[in-house]
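Please read the structure below before turning to the comments.
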4 protein chains.
Amino acid sequence: MSEKRARIIATALKLFCEKGFQNTSTATISKEAGVATGTLFLYFKSKDELINALYREAKNELAGFFQQDFPTEPSVENKLYHFWQKAISWALENPYQFRFFNMYSHSPFISSLTKEESASAFQFTLDFVEEAIEAGSLAPIDSGLFIALFSGQLNATVGFLTQNPQLTNRKAVTDQTFALFWKGISKS
Amino acid sequence: MSEKRARIIATALKLFCEKGFQNTSTATISKEAGVATGTLFLYFKSKDELINALYREAKNELAGFFQQDFPTEPSVENKLYHFWQKAISWALENPYQFRFFNMYSHSPFISSLTKEESASAFQFTLDFVEEAIEAGSLAPIDSGLFIALFSGQLNATVGFLTQNPQLTNRKAVTDQTFALFWKGISKS
Amino acid sequence: MSEKRARIIATALKLFCEKGFQNTSTATISKEAGVATGTLFLYFKSKDELINALYREAKNELAGFFQQDFPTEPSVENKLYHFWQKAISWALENPYQFRFFNMYSHSPFISSLTKEESASAFQFTLDFVEEAIEAGSLAPIDSGLFIALFSGQLNATVGFLTQNPQLTNRKAVTDQTFALFWKGISKS
Amino acid sequence: MSEKRARIIATALKLFCEKGFQNTSTATISKEAGVATGTLFLYFKSKDELINALYREAKNELAGFFQQDFPTEPSVENKLYHFWQKAISWALENPYQFRFFNMYSHSPFISSLTKEESASAFQFTLDFVEEAIEAGSLAPIDSGLFIALFSGQLNATVGFLTQNPQLTNRKAVTDQTFALFWKGISKS
DNA sequence: CATGAATGAGCATTCATTCAT
DNA sequence: CATGAATGAATGCTCATTCAT
C-alpha cells in the first residue's frame, strides 16, 4: 500500500532482528525509515500492532511462496522435497524474516490471535502430512510432531549454512540433510 | 553461595521465562525474591550480568547432568541414546531452564563471551561425535551440523511433549523420535 | 453562517462539557461534526480561538435572551424577577451552555480580551443595579458584589434543580429562592 | 510525612491553580518542587492520583478548621456566623486552596470516590442545617439547597474581596453579606 | 552485608497544526 | 472551500542504578 508504511515495516524487521523488539524504540524505527515519529502510529495503532502486522505479513508471504510450483502428481518424497527446497531458499533469500520467525514465533509479543490467523495459512501442510501418513508413505506419528521435526531439521540446516557462509556446496548439504530426514521418516 | 543470591537467581529464571527479560523489572525480581532492590546489585553488577550468570550456571548444571552415568564402553548408539534420554528428562524436570535456553540462547542479552565460555563445557559432546564419525559409525557430516540436527530433533520432541501434557506414553514417543533420528543418521 | 462552522461549534460545546477542553482533540470534534480535520482550522485559527468563539457567541445569545420581553415600567422587584426567571429558563433549556459557563468562565482558556468584550454585552445589568441602588430600592452594596450574589443564588438554584430532576414543583423552588434573595437584598 | 512529598503537593496546588491541571506537566511540578521526575511517581501513582490527594487533604484540613472553636450553646445565627467567618478567613488565608476548590470541585479529574470520601467530613454541616430547620430557626428548604445557597453567597463574597484587594473594611463587607443572607434565610 | 528512597534518562504515544491536492 | 496524510514537539510514566544510612 503506502510507501511509507512499507518502509516502516522493512525498517522494523531489520531492527527487531538486529537489536530486539524492546531494545528498538519507535523513534529509531521512524528515523531510520525516514518518516516522522507520528507517522508510525498513523499506520500501526501501537508498537505491538506493528510487530504483529510484521509477523502476519511475513507468514502470508511465506505461505504463498510455498505454494508456488507445487508438484501436483509426484510422490510424497518429491512433494516433501519441494517444501524443503522452497523453505531453504526462502530462508536464505530472506534472512531477516527467517531470524524474525526464530526470535519471535514463541515470544509473548505475538498475540495468540495473530498466531491462529497465520496458522490457517499453513493448514494445507498439515493436511498433506496427514494424507501421506494415512496412505502409508510416512512413519505413523502425530502430524504436529512431524511438522516440528521437519522444522527442526530445517532450522538446523539453515543455521549451519548461515554460520558457515564460506561453504560452496550448499545444495549438497541441503540434499544430504533432507536425505537423512527422509531416511528416518519414510516408511520402508 | 549466599542464600539471597540463590533466591534472586531462581526468581529471575522464573520471571524471565514467564514475562520476558525486558518485561521483568529488577524491582519485581527483588520483591518476589524477598530482598531489597539494592541487594540484587550487590551480587550482580547489572541486570545484564544477572541474565548472563543465569545462562552460565544453567548451562554448567546441564553439562554436569549429561556426564552423570555416562556409559564408558557401549556402542555409539547407546551413548547417543544416553544423551538423548538425559536431555529429555532434564528438559522435562527443569521446564524453566529449558524455556530459558529456547528463549535466550540466540538473544542479544547473552554476550558472546558467555556463549563461548559455556560452549567449552560441551566440548566433550563435539569430541564424541567426531570420534564416532571417524570410526565410521555415523554419517559423515560436519560435527556442528550434527549437534544442530540432534538439538533440533530434541527440541521438537520436548516441545511436542510439553504441548500435549495428557500423553501417557512419553517414553514411547521419545524412543520413537530417537529411532527416527538414529535411522537417518546412522551409517548402515 | 456556514453550516459546517455551526456543526463544529455545536459539537465542540457538547464535547468540551462532557469531556473537558483538553481531553477533547480537534480530530474528535471534526469527526463527530462530520468534517475533515483541516476544516476546523479553516473557520478557527486555533483550538483556543474555537473555545473563545464559543464563549463569545453563547454569552451574546444569553444577553439577547435577557433583553427579550424586558418590562419597561414595573417595579425593581419585577424587573429583577424577570432576569431571574429568564436566567433560570435559559439555563434549564440550554444545559450545555450553562455547564460550559460554569466550567470555563474562570478557566485560563478564555482570554481576558474575550471576557472584556463579553462583559460589555451585560453592562446594562450593572446599570440597572446601580440605578436601583441609587433610587433606594436595593441595599447599598457594590454593584459587582450584587451581581456576584445574584449569580451565586442562581447557580445554586439551577444546580439543585439539575441534580434533582424528579422534582415537579420547579416553579415553586425558583420562586422561593428568589423570595429569599429578595427578602435579603431589598431595602425595607 | 516526607518533606519531598509536601513540596510536591504545595507546588502542584500552586501550578494547578495558575495554569490548570492539564497545562501543568509533571516535569514542571517536579522541577519547581526541586525533586526528580521519578520522585513524584514515588509518592503518587499517577498525575490523577496527585490531584485527588490534593483535593482530599485540602478538604480534610478545611473540615478540621471548621470545627475549631465551634460554639456549643449559642443560637443558630451565631453558629451559622461561626461557619461563615471560619470559611471566609480560611479562604482569604488559603487563596490557592480556595481557587483550587472552585476550579476542580466539579471537574472530571476528581473521582467520585474522592468526592464521596471527602463529603463525609462535612456531614456535620448538613446535620446542623437539618436540625435548625426542624427546630424552626431556618426557612424550610432542602438542606442540600441551603448548603448550595450558603456556598454561593460565600463564593461571591470571597470573590469580591479577592478582586478588590484595596478594600480595608473587609469585616464590614463580610458582616453585611452575612446579614443579607441571614435576613433572607431566617424564619421571622 | 543489606536497605530502599531518590534519581533522571529514555520511551510509547498523542495531537494541534500544516499543506499539497 | 474542503480534504486528510503527515508532522514532530510535548507528555506521563518506567526502571536500572546509586548511595547514604
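Given the structure is predicted, the values throughout are model-derived calculations rather than measurements.
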Subject >> Watson-Crick and G-U pairing of DNA chain E written in dot-bracket, each distance under 3.5 angstrom, with | for inter-strand partners >> reply: .||||||||||||||||||||
Output the rounded distance in Å from [atom1] ([X]) to [atom2] ([N]).
X: B:Leu40; N: E:dC1; atom1: CG; atom2: C1'; result: 15 Å
X: D:Lys19; N: F:dA10; atom1: NZ; atom2: P; result: 12 Å
X: D:Glu49; N: F:dC13; atom1: CD; atom2: P; result: 10 Å
X: C:Ile29; N: F:dG4; atom1: CD1; atom2: P; result: 17 Å

Original post:
Under 4.0 Å between a side-chain N/O of C:Thr39 and OP1 or OP2 of F:dA2, yes or no?
Top reply: no
Original post:
Using a cut-off of less than 4.0 Å, is there contact between a side-chain N or O of A:Lys31 and OP1 or OP2 of F:dT7?
Top reply: no
Please identify each residue that fulfils salt bridge (Lys or Arg N to Asp or Glu O under 4.0 Å) with [X], with sequence neighbours left out.
X: A:Arg5; answer: A:Glu57
X: B:Glu117; answer: B:Arg56
X: C:Lys14; answer: C:Glu32

Residues two or more places apart in sequence or in another chain: which of them pass side chain to side chain donor-acceptor pair (under 3.5 Å) with [X]?
X: A:Glu116; value: none
X: C:Thr28; value: C:Ser25
X: A:Tyr43; value: A:Ser2
X: A:Glu61; value: none

Original post:
What parts of residues 5-18 of chain A reach DNA chain F, counting only heavy atoms under 4.0 Å away?
Top reply: none
Original post:
Can you find a heavy atom in the side chain of B:Arg7 that is under 4.5 Å from one in the side chain of B:Val35?
Top reply: yes
Subject >> Side chain proximity check, C:Ile29 to C:Leu40, heavy atoms < 4.5 angstrom >> reply: yes
**OP:** Pick base, sugar-phosphate or nothing for C:Tyr43, based on heavy-atom distances below 4.0 Å to the nucleic acid.
**Re:** sugar-phosphate
Identify each atom pair where a protein N or O and an N or O of nucleotides 15-18 of chain F are less than 3.5 Å apart, giving names and distance.
| from | atom 1 | to | atom 2 | distance (Å) |
| --- | --- | --- | --- | --- |
| F:dA16 | OP1 | B:Lys47 | NZ | 2.9 |
| F:dA16 | OP2 | B:Thr26 | N | 2.5 |
| F:dA16 | OP2 | B:Thr26 | OG1 | 2.8 |
| F:dT17 | OP2 | B:Lys47 | N | 2.9 |

**OP:** Please list all pairs passing the ring-ring contact (aromatic ring centres under 6.0 Å, His included) test where one or both residues lie in residues 11-41 of chain D, with sequence neighbours left out.
**Re:** D:Phe16-D:Phe21, D:Phe21-D:Phe109
Original post:
How would you list all residue pairs meeting ring-ring contact (aromatic ring centres under 6.0 Å, His included) that involve residues 44-63 of chain A, not counting sequence neighbours?
Top reply: A:Tyr55-A:Phe101
Original post:
Quick one: on DNA chain E, does A:Thr28 or D:Leu42 contact a more 5' nucleotide (nearest heavy atom)?
Top reply: D:Leu42
**OP:** Using the closest heavy atom to pick a nucleotide of DNA chain E for each, name whichever of D:Lys4 or B:Ala36 lands nearer the 5' end.
**Re:** B:Ala36
